[in-house]
2 protein chains.
Amino acid sequence: MGIIRKTKAVTTVLQIFEEKNEAQSVVHLIELVKDKMNKTTVYRILDRLEADGIIHSFNGKDGLKWYAKCKGCSAEHHTDKHPHFQCTECDKVECLSIDIKIPTIKNHKVESTDILLTGRCEVCSI
Amino acid sequence: MGIIRKTKAVTTVLQIFEEKNEAQSVVHLIELVKDKMNKTTVYRILDRLEADGIIHSFNGKDGLKWYAKCKGCSAEHHTDKHPHFQCTECDKVECLSIDIKIPTIKNHKVESTDILLTGRCEVCSI
DNA sequence: GTTATTAATGCAACTGAGTCGCAAAACTAG
DNA sequence: CTAGTTTTGCGACTCAGTTGCATTAATAAC
Ligand SMILES: [Mn+2]
Ligand SMILES: [Mn+2]
Ligand SMILES: [Zn+2]
Ligand SMILES: [Zn+2]
């Protein structure tokens, strides 16, 4: 599965991730490209890009869905797992390249870990 | 603010948390009491109970809002912070009383930490 | 117990993110 | 260029959560 055809819409969405180089909420993304494509298309393109290991998704503090570029993932192996930080002031999200140790929980099989830190970002904590 | 009047509806909601003694999704809670009160009332009661430090809220894996009883919190001090575990099979959520160390992130002021682990619970991992 | 005050509730309408089905358009292979 | 398949637009829909307002119920004062 995943991206098969490189359409104009796909290129437009990918360019946003390349240029801005930071996490994007779907709501914001839809706003950015609203003159170029339908919101349903945005959702579907993001789905395919994620299935291909090009971007990854997570939920922000207000429950909205966000996406950011992956580093070294493929359709088969989504290896780029990390926590996220969202600023309470400016709402920006950063992918954190820190490793947080999760202790084993007896009789439970942990399959995934979602960590969202919130607080003041570098710019907003001045 | 918080709970001021102990109404029938408030008592009903509180009883559910006392009896079941496990985390409840708002959607499930509304279903449980749908013959006794309006869904808006459920949302408002949960808000007030949370403001009073009696319950705490978090988002489950599918983005739905969940609540569970607090241990030792008050309206002023919400001290009962902990990660949650949601089963991918049965959807149940557990409050985990484990402590996960978050390293400091330079130039960032971390104010809160939301951790959701997903996987197989004790019952479902057999 | 009665009354006045104010908080809590019910109800209906609304909001907004995300989804679905289907016909039309755009790719790609041959 | 053509046929086969994927992608897109569009409109309608779903569903969790919210809002405004009129009504009801809890509490306190008397
Ligand atoms: Mn990330
Ligand atoms: Mn909990
Ligand atoms: Zn910021
Ligand atoms: Zn389970």
Side-chain angles (χ1 to χ4, degrees), chain A residues 1-17 23-52 54-68 75 84 86 91 93 114 116, chain B residues 1-17 23-68 75 84 86 91-93 114 116:
Chain A
M1 301 298 114
I3 293 290
I4 299 184
R5 299 190 180 177
K6 193 142 193 177
T7 63
K8 268 190 158 177
V10 170
T11 310
T12 304
V13 171
L14 274 175
Q15 250 170 34
I16 292 170
F17 285 104
Q24 306 282 334
S25 73
V26 179
V27 171
H28 180 230
L29 226 34
I30 287 170
E31 180 63 25
L32 278 179
V33 300
K34 69 158 177 280
D35 297 326
K36 295 178 184 156
M37 73 194 82
N38 189 272
K39 71 168 177 169
T40 310
T41 303
V42 178
Y43 280 107
R44 293 194 275 222
I45 287 174
L46 293 170
D47 270 356
R48 278 179 276 147
L49 289 173
E50 183 169 32
D52 262 20
I54 295 167
I55 58 179
H56 61 277
S57 69
F58 54 93
N59 295 313
K61 63 184 163 62
D62 35 15
L64 295 194
K65 200 165 192 184
W66 287 67
Y67 283 90
H84 293 98
Q86 184 163 21
D91 263 17
V93 171
D114 285 298
L116 181 68
Chain B
M1 304 295 119
I3 292 291
I4 301 183
R5 299 188 180 177
K6 191 142 192 177
T7 64
K8 269 191 157 178
V10 170
T11 310
T12 303
V13 171
L14 275 175
Q15 252 171 33
I16 292 170
F17 284 104
Q24 306 282 333
S25 74
V26 180
V27 172
H28 181 228
L29 226 35
I30 288 170
E31 179 64 25
L32 278 179
V33 300
K34 69 157 179 282
D35 297 327
K36 293 178 184 156
M37 72 193 82
N38 189 273
K39 71 168 178 170
T40 310
T41 304
V42 178
Y43 280 106
R44 293 196 274 222
I45 287 175
L46 292 170
D47 270 356
R48 279 178 275 146
L49 289 173
E50 183 168 32
D52 262 19
I54 295 167
I55 58 178
H56 61 277
S57 69
F58 54 93
N59 294 315
K61 64 183 161 64
D62 35 14
L64 295 194
K65 201 165 191 184
W66 285 69
Y67 283 91
H84 293 98
Q86 183 164 20
D91 263 15
K92 269 191 190 168
V93 171
D114 284 299
L116 181 67

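Below, read A as the first sequence line, B as the second, and so on, with proteins coming before strands; counting in each chain starts at 1. Hydrogens, waters and symmetry mates are skipped; everything else that's a heavy atom, side chains included, is used. Keep in mind the model is a prediction, meaning the values are calculated, not measured.
The side chain to side chain donor-acceptor pair (under 3.5 Å) test applied to Lys34(A) returns Glu31(A), not counting sequence neighbours.
Here the P atom of nucleotide dC20(C) and the CG atom of Asp47(A) are 10 Å apart, to the nearest Å. With rounding to whole Å, Asp62(A) atom CG is found 15 Å from dG18(C) atom C1'. Distance Asn38(A) CG to dC10(D) P: 6 Å, rounded to the nearest Å. Atom CZ in Arg48(B) sits roughly 14 Å away from atom P in dT18(D) (whole-Å rounding). Counting to the nearest Å, the P atom of dA16(D) and the OH atom of Tyr67(B) are 15 Å from each other. To the nearest angstrom, P of dA16(D) lies 17 Å from CG of Leu64(A). Atom CG of Leu46(B) is separated from atom C1' of dT18(D) by 14 Å (rounded to the nearest Å).
With distances taken from any side-chain atom of Val26(A) to the nucleotides dT8(D), dG17(D), dG18(C), the minimum falls on dG18(C).
When atom types are taken as modelled, the side chain of Thr11(A) and the backbone of Thr7(A) share a donor-acceptor pair closer than 3.5 angstrom. Listed for the Gln24(A) side chain is no donor-acceptor partner under 3.5 Å among the backbone atoms of Tyr67(A). With hydrogens and angles disregarded, no donor-acceptor distance shorter than 3.5 Å links the side chain of His84(A) to the backbone of Val93(A).
Sequence order on DNA chain D of the closest nucleotides to Lys39(A) and Ile45(A) puts Ile45(A) first from the 5' end. Residues Tyr43(B) and Lys36(A) each lie close to DNA chain D; by heavy-atom proximity, the contact nearer the 5' end of the strand is made by Lys36(A).
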**Q.** Under 4.0 Å protein heavy-atom contact, by nucleotide of nucleotides 19-26 of chain D - B base, S sugar-phosphate only
**A.** BB----BB
Q. Does the side-chain contact (heavy atoms from CB on, under 4.5 Å) test come out yes or no for Val33(A) and Ile16(A), once each step is laid out?
A. CA-CA 9 Å; Val33(A) 300; Ile16(A) 292 170; 3.5 Å; yes
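Checked for salt-bridge contact, Lys61(B) and Asp114(A) miss the test: no charged N lies under 4.0 Å from a carboxylate O.
Asn59(B) approaches Leu116(B) most closely through the heavy-atom pair O-CD2, 3.8 Å.
Within the 4.0 angstrom heavy-atom criterion, no nucleotide atom of any strand lies near Ile30(B).
Not a single donor-acceptor pair, N or O on each side, falls under 3.5 Å between the base of dG18(C) and the side chain of Lys65(A).
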